[in-house]
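In what follows, a single structure is set out as C-alpha cells and then discussed.
Everything numeric here is computed off the predicted structure, so don't read it as measured data. Chain A is the first sequence line, chain B the second, and so forth, proteins listed ahead of strands; every chain is numbered from 1.
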Amino acid sequence: MNLSTAARVPQGLSLQDIVSIFLRTAIIFIIVNRALTLLNLDNFFGISTLIIELVVYAVVIGLSVPTIMDVENFNVVDFSITLLRIIIILLVVIGATNTLNVGNTTTAQWINLTIAGLAQGSIYALIALGYTLVYGILLMINFAHGEVFMSGAFTTVFLAQWFNRTGFLNSAPFLAIPIMMIFAALVSMSVAILLERIAYRPLRGSPRLVPLITAIGASFFLQYTFRGLYGSGFRAYPPVEILRGGLPVSSITIPYTQIVVITSAIFLMSGLYLLVERTKMGKAMRAVSEDKEVAALMGIDIDRVIVFTFAIGGALAGAAGVINGLHRPQGVNFFMGFFPGIKAFTAAVLGGIGNVPGAMLGGLFLGVIEAIGPNLVLAGLGIPGANQLKDVIAFTMLVLILILRPQGILGERLAEKKA
Amino acid sequence: MNTTQHTINWKAFLKYGLLAGLVIVYVSAVGMLEAFNEREVIRDVVTLGQLLIVGAPFFISLIITQHLEKDAGNIPLPARGLIIGAIASIPPVVLVGLTQVINFRPILVNINRGMVEVLTFENESLLVGSLILAAVMTVAGLAGSSITLLPAKPRRALLIGLIWVLGVGVMSELVTGVLSEHFSRDFERSLFERDTLKATTAAGLFLITTLIALGWGYSNDDIKKQYRALPTSSQQIARGSGFLLLGLFLIVLPQIVGSALSETLSIVGLFMLMGLGLNIAIGLAGLLDLGYVTNYAVGAYVMAVMTSTGALGLAEKTGVDFLNFWIVLPISVIAAMITGFIFAVPVLRMRGDYLAIATLGFGEIIRILALSDWLAPIIGGAQGVLFIPNPTIDHIVLWRGGQIIAALLIGHILRAFIKPDWQPSDNIYVATITKFAAYSAMGLVISVAASEIVRAIFFSSLDLSGQAIVRGPQQIYYVILGAAILALTVSVRLNNSRTGRQWMAIREDEDVAAAMGISTARAKLLAFTISAATGGLAGGILAVKLGTVFPTSFNLLVSINVLSLIIIGGMGSIPGIILGALFLLGLPELLREFEEFRLLLYGALLVAMMLLRPEGLWPSAVRRRELADDDSVSTAPAVGD
Amino acid sequence: MKRALVLAFLLSLALLAFGGTIHAQECDDAIGCVEIGPDDPITIASMLTTSGATAFLGEDSLGGIEIAIEQRGGELLGHEIELVNEDSLCNAEGGQTAAQRVASDETILGVIGTNCSSAAVAALPTISEAGLVMISPSNTAPSLTNDNPDEGGVWQPGYFRTAHNDLFQGAVAADFAFNELGARTLATIHDGSPYADGLQDVMANTFRELGGEVTFQGAINVGDTDMSAILTEIATNPPDVLYFPIFEPEGNFIAAQSVDIPGLEDTTLMGADGLLVESFPENTGDAAIGMFLSGPLVTGDAYQEFLETWDEVIGGVPPSGFHAHAFDATNILLDAIEAVAVETDDGGLLIGRQALRDAVGATEEFDGLTGVLTCGPTGDCATGEALAIFEITEAEVFDDAWPPQPVFVPGGE
C-alpha cells in the first residue's frame with residue numbers, strides 16, 4: 001500500500017545466523033544444565049525447571065541476536081519477535097526430542113494420530129475455503145462463517161435422524177449421504193447469502209472495523225437464533241453401518257469414516273479449484289478480487305460475484321458440516337461452529353488468506369499439528385495435562401504466523417492490498 | 001414527487017407489514033415471546049410478551065407511515081398504519097394455523113402449545129384467538145400512525161408517559177425492592193400486587209408522567225434560555241452544584257437502592273471500568289482488541305494469589321503476610337499493564353482484522369492456561385483460588401479522608417463566594433496553586449473544626465481506633481466508585497492530551513500519522529499498556545468482591561461484553577461508555593427473562609448499531625462534529641483501517 | 001408552584017408509607033424471624049443455572065422443586081408456596097448476584113441451590129449472613145461441607161446438600177473398579193470443571209490407597225471434539241479402567257472415539273452422574289455398551305411415580321441426574337418450615353431463622369427418592385449409601401430403555 005510499511009518488514013535471519021545461534025545455545029545449554037543440576041532445583045512454584053531453563057536460554061540467545069543482526073537498525077519490536085521465534089523453536093525441538101527419546105508412543109500410533117489429524121484438517125480446510133474466498137474478494141473476515149457451518153450441520157442432523165428412522169440411511173448410504181450434504185449446503189448457502197445481503201452489503205466501503213464488528217454481532221445472533229429454534233441440547237448424527245470398522249494397512253487400521261472424510265473433502269476441494277480456475281464465474285471472481293473497479297468496467301456484475309462467492313463458501317461449509325457429522329457424530333449444537341470457525345480461520349491464514357490451495361494446505365497442516373502437537377511437544381516438556389493445552393498450540397500458531405509470515409505458507413495473492 | 005401522488009405502491013406496505021409480522025414470528029420461534037410472557041407488566045392487563053406483539057406493528061407504523069408519502073398516494077395517515085398492522089398480523093396468524101397441521105415440536109422446540117397460547121391471548125378457540133391477534137395488531141398499527149398526527153410536544157409527552165409506565169412495569173421488582181427498603185410493606189402493596197404494577201397505579205403513573213412531561217416540554221426551552229443568560233460565574237456555580245448533587249447522589253445511592261441493586265451497580269461499575277480502559281485501545285487508537293479479558297484475569301489472579309489466606313496464597317507459601325487489598329491493588333494494575341505490554345509487542349504491526357483475531361487468540365490462551373492442570377499448583381486450575389479476604393480500612397483513615405474531601409469541597413465553594421476575582425500572582429501556575437492552597441486551608445479549618453465538634457457533641461463514643469471491613473455490595477460499591485472516578489479523570493485527561501491526539505491520528509490513518517512524525521509503535525504500545533490498567537483494576541476488585549477466583553469468570557464473553565458496551569455507547573465517548581454499561585449490563589441483570597436472550601440481543605444490537613447508527617448512542621464530541629461536516633455513513637466512525 | 005406540588009405529593013406518599021400499621025410480633029430467634037401475614041405466601045427461592053451451556057442442569061433441578069411443591073398442592077400450612085427463581089449461572093459471579101438478590105428479599109425462608117460448586121462458594125457468605133438455609137441438589141465438592149479452612153473447607157452455617165459428596169462417589173467408583181472389576185491400573189480425564197476435577201481426584205486417590213496404580217491423570221477442554229490425541233497418550237500405557245466423570249458431549253466423544261484407538265480394546269470405560277442422562281447412550285452409539293456409570297441410586301416405585309408426574313407436569317424426561325436430589329431438598333426444606341412455623345394471633349405465621357436451620361440440620365431418616373437422608377453437622381444430608389454403579393447395555397443404546405440397571409451397590413445387597 002505504501003513504501004513505509006514495506007520498509008518495516010522484519011529482517012529474517014540467514015541460515016548462517018541460525019547455525020551460529022544454535023552453537024551458542026549448545027554451549028549455554030551445557031552450562032545452565034550443570035548449574036541447575038548442582039543447585040538441585042526440581043521444582044519452582046510447580047513450574048518444571050525445564051521451562052525455566054528454556055527461558056534462560058532464550059533470553060541469553062535473544063541477547064546475542066542483535067549482535068548478529070544489523071546493529072544499526074536494532075529496534076525493540078524486531079528484537080522481541082526474534083526472541084519469541086527462538087523460544088518457540090527451542091520449545092518445539094526440546095519437547096519433541098524428549099518425547100521421542102522416551103519413546104512411549106509407537107510408530108503405528110503416530111501414524112494413526114496423523115491420519116485422524118488429516119481427517120480433522122480436511123474439515124478445517126473446507127470451512128477455511130469460505131474465509132479465503134470472501135477475503136480474497138472483499139478483504140474482510142467473515143467472522144460469522146463458523147456459524148454458517150453450524151447452521152448446515154445443525155439443521156441436517158434432523159434430516160439424518162429421519163433417514164435413520166426410515167432405514168434409508170443404512171439401506172442406501174451412498175445416496176443418503178450426498179442428499180444430506182446437498183441439503184446442508186443449501187441451508188448454509190441461504191444463511192450466507194442472507195448474511196451478505198442484510199449485514200455486509202450496506203457496509204461495503206465503510207471503514208474496516210465496521211463490517212468486522214457487524215460480523216461478530218452476526219455470529220452471536222446466528223448462534224443464539226439457532227439455539228432458540230432447535231433448543232440447547234446436544235444432538236448426534238446417527239451411525240452409518242457401512243462405515244463401521246476400518247481398513248487394515250500393515251500394522252495399522254484406518255477407520256473407514258476417516259477415509260470417507262478425506263476423500264470427499266479432496267473431491268469437493270478439487271471441484272472448487274476447477275470452478276475458480278476453469279469456469280467463467282471463476283474467472284469473474286478472480287477478476288473482482290484483483291481489482292473491483294476494473295472488473296466492473298469490464299462488465300462484471302460485482303454484486304452477483306460477491307453473492308456467488310458467499311454462496312460457494314456457505315455451500316462448502318454446509319457440506320463440511322455433514323462430513324464433520326460422519327467423523328465426529330456427537331456434540332451437534334448451536335455452539336459447534338465457533339471454535340471450528342476460529343480454527344479454520346487460522347488454517348486460512350496459515351495457508352495464505354485469499355489463496356485457495358493455501359487454505360487446503362493450511363487446514364491439513366493445522367489438523368495434523370493439533371493431533372500430534374500436545375503429545376509430541378508439550379508432553380515432552382513435562383507439562384501435565386498437555387491435551388488441555390491443545391488450543392493453546394493452535395492459537396499460538398495463529399499469532400506466530402500473523403507475526404512472522406503474514407502472507408502464509410503459500411503466500412498471499414493479495415498481499416499488497418492488505419495493508 | 002407530486003406526480004406520483006396518486007399511484008399507490010402496495011409493495012412498500014407489504015414490505016413493512018411483513019417485516020413487523022416476521023419479527024413476531026421470529027421472536028415466537030426462538031422462544032422469546034413465551035419467555036417474555038412470564039413477566040406481567042401491568043397486573044392482569046398486559047405482559048411483556050404481549051407488548052412485543054403490540055410493539056412491533058406500533059413502532060413500525062410510528063416510524064414508517066410518515067415516510068410513505070411517495071408510496072401511499074392519497075391514503076390518510078391513520079389508514080396507512082391500519083394497513084400495515086393488518087398485513088403484519090398475517091405471518092403470526094399463519095404460524096398459529098400451521099401448528100394445528102404440523103407438529104414442529106421435535107425440531108423447532110419453541111413452537112409449541114405455550115407459544116400458541118401467547119399468540120392467541122390464551123383463548124380457547126384458536127379461530128377467535130387468531131382474530132383477536134389480528135385485531136390487536138391492526139389496532140396497534142393504527143395507533144402507531146395516528147399518534148404521529150398529534151403536535152410534537154403532546155406526542156412526546158404521551159410517549160414519555162407510556163415509556164414511564166412500561167418502564168416501571170417491566171422493572172417492577174426493582175421499584176418494589178427500593179420501596180420496601182424504605183417504606184412499609186402495606187404501602188408497596190397499595191401500588192403493586194405480587195411485585196407487578198396494578199392497573200390503577202399504572203393509570204395514575206401515566207397521567208402524572210404525561211402531565212409532567214407536558215409541563216416540562218413547554219418550560220424546558222425557557223430554562224435553557226435562562227441558564228444561558230446567566231453570567232459565567234453563576235453558570236459555573238450552577239454546574240458546580242450540579243456536580244456536587246451528582247456526587248452526593250452517587251454516595252447515597254447504595255443506601256437508597258438496597259443491597260441487591262447495589263450488586264447490579266457494582267457489576268455495571270466493573271464493566272464500566274473495563275470499558276474506559278478498552279476505549280483507549282479501540283475508541284482512541286482504533287486497535288480492535290478482542291482479548292481484553294486477559295487483563296481482567298491477570299488483575300484478579302494477582303490479587304487472589306497475593307492476598308489469599310488459603311493454601312495457594314502467598315502468605316501460606318512464603319510467609320509474606322503483610323500484603324492486603326490496598327497494597328496489592330496497584331500491583332494488580334501494574335501486572336495487567338505489563339501483560340498488556342507483553343501481548344502488545346508481537347501484534348504491533350498487525351492492523352484491523354488480523355489484530356482482532358490475534359487478540360482473540362490471546363484471550364483464549366489465557367482462559368485455557370487459567371484452567372490448566374499445568375498452572376494449577378500456582379493459580380488453582382479448575383478449583384480456583386479461595387479465601388480472598390475482604391479489604392479493611394482503619395476508621396481513622398476514613399474519618400481523616402472524609403475531613404479532607406469535605407475540606408476540598410468547602411474550599412471550592414468558598415472560592416466562588418469569597419473574592420472570586422482574586423489574582424495573587426501574574427504567573428498562572430503560582431496563582432492557581434496559591435488560590436487552591438489558600439481556599440483548601442480555609443476549608444480544612446472549617447471541616448475539621450465542624451466535624452470534631454459534631455463528634456464531640458453527638459458521637460462521643462465513636463471509636464476511631466478500630467477497623468472497618470469492606471464487605472457486601474453496598475460497600476464494595478464505594479471502592480468501585482472511587483476506582484471509576486480515578487479512571488474517569490485519567491480518561492478525560494488522556495482524551496484531551498497530546499498522546500490522546502496521537503492515538504486519534506493513528507486511528508484515522510496510521511500511515512499519515514507515521515508520516516507526521518508520530519512514533520506509531522510507541523503510541524500503540526502505550527495505548528495497549530494504559531488500556532490494560534483498568535482491566536487489572538477491575539479484576540483486582542472482582543477478586544475481593546467474589547472472595548474466590550475461578551477460571552470460568554474469564555471467558556470470551558467478558559471481552560465481547562466490554563466491546564459491545566463501548567460500541568453501543570459510542571466509541572471514544574466517555575458518557576457513551578457509562579450509558580453502554582448501564583444499558584448492556586444493568587438491564588439484563590434486572591430483567592431475568594433477558595438472560596437467556598442476552599447474547600442474541602447483543603448480536604442483533606451490534607449489527608443494527610453498525611448499520612443504523614455506527615457512532616453509538618452517545619457519540620463523542622469529535623464524532624458529532626465529523627458527522628455535522630459530512631453526513632455520509634462511511635466517514636462517520638473512522639476507526640481502524 | 002409546580003415544585004411545591006411535587007413536594008406535597010412526595011410528602012403525602014411518605015406519610016402514607018410510614019402510616020401503615022406495624023405488626024408487633026414476638027421473635028426470640030437468635031438470627032431473626034420471618035413473619036408471614038395471613039394472606040401472604042410462604043416464599044422459597046431457587047438459585048440454579050437456568051441459562052447458558054449448563055442450563056440443562058438448572059432445568060433438571062427446577063423440575064424437581066416444582067414437582068415437590070405441586071405434590072403438596074402448592075400449599076403449606078394453608079399458605080400458598082411461592083417459588084422465586086434466581087439464575088445463579090455456573091460461576092462465582094452468578095452465585096454471588098443471585099445470593100444478593102435472595103438475601104435482599106426478607107420474605108424468603110430458604111434456598112434450593114446452587115447447581116455448581118463455584119457458584120456456591122461465592123454465594124455462601126451472603127446466604128449464611130442473611131440467616132438463610134440453602135440446600136443444594138448438585139454441589140458435590142468436598143470443601144463445601146468441610147468447616148476447617150486449613151483443609152480448604154468453606155462450609156458456613158445454613159448450608160446443606162442432598163447431593164453426594166465427591167468423597168462418597170469417588171470412593172464407590174474406586175471400590176467398584178478395584179474390587180469388582182479387579183482393575184489394577186487407572187487413567188482419569190477431567191474437563192476443567194471443578195466437579196470433574198474434584199471427582200477424578202478423589203477416585204484416583206482412593207484407587208491408590210486400595211493398592212492400584214494411576215497411570216494417567218489428564219484433561220480436555222469443554223468444546224473439544226477430537227479426543228484421539230489424549231486417548232493415544234493413554235493407550236501408550238493402557239489402563240484397566242478409564243474414568244472420565246464429565247458431561248455431554250465431551251463424554252460421548254471420548255467413549256465413541258476410544259473404539260478407534262488401538263491399545264484401548266481391553267480398557268473398561270467409567271463415567272459418573274454427569275453422563276447418567278438418557279441421551280448419552282443414544283448419542284454415543286454402541287461404543288457405550290459395557291460402560292459403567294456411577295450415580296445416585298434412584299429407583300423404585302416412588303421414583304417411577306415421580307417420572308410419571310414429570311412427564312405430566314413438565315413433559316418428557318428429566319435432562320440430568322439431579323432432579324431427585326432437588327425434590328428431596330425441597331421436601332426437607334418444606335418439612336422443616338412446617339415443623340418450626342408458629343401461628344400468630346392474626347392467622348399469620350412466625351418462623352425463626354435459626355430454628356429453621358436447626359430443624360433442617362436435625363433431619364433424620366428422611367425417606368427420600370435418593371435414599372434415606374440424615375443431615376450431618378456440616379450439612380451433608382446424603383450419606384453415600386444410596387449410590388450405585390450402573391451398566392449401559394444394548395437396551396439403553398438401541399431401545400430407549402432408561403434408567404439402566406444398577407450392577408453394584410456399596411455395602412452389598
Side-chain angles (χ1 to χ4, degrees), chain A residues 102-106 108-110 112-117 119-120 123 227 231-239 244-246 251-255 257-258 324 327-336 338-340 367 370-376 378-379 384-392, chain C residues 50-56 59 188-192 197 215-237 247-257 259-263 277-288 316 319-320 397-398:
Chain A
V102 176
N104 271 338
T105 315
T106 62
Q109 282 173 325
W110 286 122
N112 265 329
L113 272 185
T114 311
I115 293 170
Q120 184 68 49
I123 291 163
R227 179 199 154 123
S232 58
F234 292 100
R235 301 185 184 255
Y237 274 83
R244 201 179 286 269
S251 66
I252 59 164
T253 310
I254 307 171
T257 49
Q258 297 184 1
N324 182 63
H327 185 219
R328 303 286 179 232
Q330 297 89 9
V332 177
N333 86 336
F334 70 99
F335 201 64
M336 70 181 292
F338 190 75
F339 283 113
E370 271 198 353
I372 63 170
N375 290 2
L376 185 65
L378 296 180
N387 273 288
Q388 220 177 0
L389 305 178
K390 192 176 77 179
D391 288 350
V392 171
Chain C
T50 48
S51 66
T54 49
F56 69 98
E59 283 157 17
T188 66
I189 302 177
H190 72 87
D191 63 354
D197 181 35
T215 57
F216 178 87
Q217 275 180 289
I220 48 107
N221 275 310
V222 173
D224 284 357
T225 57
D226 190 345
M227 306 297 173
S228 50
I230 191 164
L231 291 172
T232 304
E233 198 180 347
I234 293 169
T236 58
N237 186 3
F247 296 91
E248 282 204 286
E250 291 79 18
N252 310 54
F253 285 125
I254 291 183
Q257 291 172 30
V259 180
D260 289 336
I261 304 294
V277 288
E278 203 193 8
S279 56
F280 172 71
E282 203 182 311
N283 284 349
T284 313
D286 50 12
S320 184
V397 176
F398 299 115

- Query: With side chains defined as the heavy atoms from C-beta onward, is the minimum distance between Q388(A) and H190(C) less than 4.5 Å?
  - Reply: yes
- Query: Is it the side chain or the backbone of N333(A) that comes within 4.5 Å of chain C heavy atoms, both, or neither?
  - Reply: neither
- Any side-chain heavy atom of I252(A) within less than 4.5 Å of one from I115(A)? yes
- Query: Where on Q120(A) is there a heavy atom nearer than 4.5 Å to chain C: the side chain, the backbone, both, or neither?
  - Reply: side chain
- Task: Identify, with sequence neighbours excluded, every residue that meets salt bridge (Lys or Arg N to Asp or Glu O under 4.0 Å) alongside R328(A).
- Result: D226(C)
- Note on the structure: chain A shares the most heavy-atom pairs under 4.5 Å, among N237(C), L231(C), T225(C), I261(C), with T225(C)
- Under 4.5 Å heavy-atom distance to chain A, tell me which part of F56(C) shows up: side chain, backbone, both or neither. neither
- Note on the structure: In terms of heavy-atom pairs under 4.5 Å with chain A, the winner among G223(C), A219(C), S228(C) is A219(C)
- Residue pair T236(C) / Q109(A), side-chain heavy-atom distance below 4.5 Å: yes
- Hits for side-chain contact (heavy atoms from CB on, under 4.5 Å) against P255(A), two or more places apart or cross-chain, chain-then-number order -> T257(A), Q258(A), D260(C)
- Side chains of N387(A) and N375(A): does their closest heavy-atom pair fall under 4.5 Å? yes
- Report yes if some heavy atom in the side chain of P262(C) is under 4.5 Å from a heavy atom in the side chain of N112(A); otherwise report no. yes
- Task: Would you indicate whether the side-chain heavy atoms of M227(C) and I189(C) approach each other to under 4.5 Å?
- Result: no
- Which one of T232(C), V259(C), D191(C) has the most heavy-atom pairs closer than 4.5 Å to chain A? T232(C)
- Item | Counterpart residues, salt bridge (Lys or Arg N to Asp or Glu O under 4.0 Å), relative to D224(C) (two or more places apart) | none
- Message: Just to be sure I understand the criterion: a residue of residues 277-287 of chain C counts if one of its heavy atoms is under 4.5 Å from a heavy atom of chain A. Which ones qualify?
- Response: N283(C), T284(C), D286(C)
- Message: Tell me which of these, Q257(C), E248(C), E250(C), Q217(C), has more heavy-atom pairs under 4.5 Å with chain A than the rest.
- Response: Q257(C)
